[in-house]
There are 2 protein chains.
Amino acid sequence: MEHPQSKADEILRCARSLIIKGGYNSFSYADISNVVGIRNASIHHHFPSKSDLVRKLVAQYREEAAAGIAELERNVSDPFEQLRAYVGYWEGCIADATHPFCVCALLASEIPVLPEAVVLEVRAHFRGLSDWLASVLERGAAQGRLTLTGTARAEAEMFMATVHGAMLSARAYGDARTFGAITRPLLDRIAA
Amino acid sequence: MEHPQSKADEILRCARSLIIKGGYNSFSYADISNVVGIRNASIHHHFPSKSDLVRKLVAQYREEAAAGIAELERNVSDPFEQLRAYVGYWEGCIADATHPFCVCALLASEIPVLPEAVVLEVRAHFRGLSDWLASVLERGAAQGRLTLTGTARAEAEMFMATVHGAMLSARAYGDARTFGAITRPLLDRIAA
DNA sequence: GGTTACCTACCAACTAGTAGGAAGGGTGTC
DNA sequence: GACACCCTTCCTACTAGTTGGTAGGTAACC
């Protein structure tokens, strides 16, 4: 706890990167111990089971996402610019290949084989993101800044799905620019 | 080969269902042998390695997808109705939970940890699907039946991404209706 | 007699997870 | 200040089960 970057946190960070590569079943404790300077068994001291590790990893990810959104709300007032900043954040992540996929989007695709505790966290992320997007769209529509075709909720779900699908296509094509090519028209379309 | 449903085909079908559940690393040869009445080692007779198995599985999936599209082209003339039929096909698959996810969409999310041969097949599926969607959109626009905001290609990529994202959201929420809730506005939007 | 399809028996490597101990720091008590 | 005690962190050593894959044999069919 006293370290600026505790071992437990290093493990979480490492596991996150590994999950982003290929999901829950694509990494092992051995993979983590190879990167973080720690023995396989020592990981169990911090996280008794793999399910624990990933649940806490997603919980931490959700906290960071919430913090990022809060900062966006503080620094950017215009709803359209908020959406553009959100999309731009991911465009950057994909372009520099640091975290080229949303942890929860990746885990969501594997839900049938995931521990229940992890599923609940992933689902909560989807709801949280959708809620925020809906609130932004609603505000934008009220200000006459955005044009919605359906309800804010429906538009938010579609927006989120398209962003996730764009991540997938970028990965499938092996071309980071795909993400922007899909999301730019998405933004243009809702701009008033 | 002589059997109406050969053992090799049974293995491919079974592996496909297992992949749809949670991807490449979520199933083993043991899982297959438990379902298909065959010994673990015998699977290697038909498919020397797991990479071979999954590559052929995706190739078969692509053939079936191409056949489905060809049938659609034969039976449905109106571009908008073609798109609606395509989306409706997936809505049915998700509702009855038989194949509630596109094999290639799932594998695409795991690309960094997939054998190269599988990646090429997955990428080819994305290109093929995008090509078809673009051709339908182009035709629809030329007939004045559909309204495109960007190029047919860009619109096709966005359409595909949204459909994939809708599968993901349906899985994340654990609610099949989510898919329709996202794709219906998607179709409405491009209808002239 | 060769090919195909399947079998038993095996393997080394890896999986998540456990048992038990050593080193270190913090704290309460005398 | 010294000592005992405990808690945290990490270690070595181990385990049972699973992983994809191999070797070699058998039986049926063309």
Side-chain angles (χ1 to χ4, degrees), chain A residues 1-19 21-58 60 107 110 112-119 121, chain B residues 1-19 21-58 60 106-107 110-119 121:
Chain A
M1 301 288 182
E2 64 285 355
H3 312 86
Q5 178 99 328
S6 75
K7 220 71 179 174
D9 202 58
E10 273 189 73
I11 292 167
L12 285 173
R13 297 280 156 189
C14 178
R16 188 195 288 197
S17 311
L18 291 168
I19 279 192
K21 268 194 191 170
Y24 190 89
N25 288 303
S26 78
F27 80 99
S28 71
Y29 277 43
D31 295 324
I32 296 172
S33 56
N34 283 341
V35 176
V36 181
I38 199 168
R39 292 287 146 158
N40 196 319
S42 304
I43 302 170
H44 286 281
H45 167 69
H46 298 283
F47 310 98
S49 73
K50 195 176 183 182
S51 167
D52 279 302
L53 169 61
V54 176
R55 201 195 73 240
K56 283 176 187 158
L57 177 163
V58 178
Q60 189 192 54
L107 288 173
E110 302 177 311
V113 298
L114 253 38
E116 188 60 22
V118 176
V119 173
E121 287 286 345
Chain B
M1 302 287 181
E2 64 284 357
H3 312 85
Q5 177 100 326
S6 75
K7 220 70 178 173
D9 202 57
E10 273 188 72
I11 293 166
L12 285 173
R13 296 281 157 188
C14 178
R16 187 194 288 197
S17 310
L18 290 168
I19 279 192
K21 269 194 190 170
Y24 190 86
N25 288 303
S26 78
F27 79 99
S28 71
Y29 278 43
D31 294 325
I32 297 173
S33 55
N34 282 342
V35 176
V36 180
I38 199 169
R39 291 288 145 157
N40 196 318
S42 304
I43 302 171
H44 286 281
H45 167 69
H46 298 284
F47 310 98
S49 73
K50 195 177 182 182
S51 166
D52 279 302
L53 169 61
V54 176
R55 201 195 74 242
K56 282 177 187 158
L57 178 163
V58 178
Q60 188 193 53
L106 218 158
L107 288 173
E110 302 178 311
I111 274 180
V113 298
L114 253 39
E116 189 59 24
V118 175
V119 173
E121 288 286 346

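Values in this document were obtained by computation on a predicted structure and should not be read as measured data. Chain A is the first sequence line, chain B the second, and so forth, proteins listed ahead of strands; every chain is numbered from 1.
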Contacts of type ring-ring contact (aromatic ring centres under 6.0 Å, His included), residue Y29(B), not counting sequence neighbours: H44(B)
Letter per nucleotide, 5' to 3', of nucleotides 11-28 of chain D [B base touched, S only sugar-phosphate touched, - untouched; heavy atoms, 4.0 Å]: BBB-----SSBB------
For residues 36-54 of chain A, pull every pair meeting salt bridge (Lys or Arg N to Asp or Glu O under 4.0 Å), keeping only residues two or more places apart or in separate chains. D52(A)-R55(A)
For dA5(C), does either OP1 or OP2 sit under 4.0 Å from a side-chain N or O belonging to H45(B)? yes
For E10(A), the side chain to side chain donor-acceptor pair (under 3.5 Å) test, sequence neighbours excluded, returns none
From CG of D52(A) across to C1' of dG17(C) the rounded distance in Å is 12 Å
Check the distance between dC7(D)'s P and H46(A)'s NE2 and give it to me in whole angstrom. 18 Å
Which residues pass the side chain to side chain contact (heavy atoms under 4.5 Å, CB included) test with V113(B), not counting sequence neighbours? K21(A), S26(A), N25(B), E110(B)
With sequence neighbours left out, write down each residue that passes side chain to side chain contact (heavy atoms under 4.5 Å, CB included) with A8(A), or none if nothing qualifies. S6(A), H46(A), F47(A)
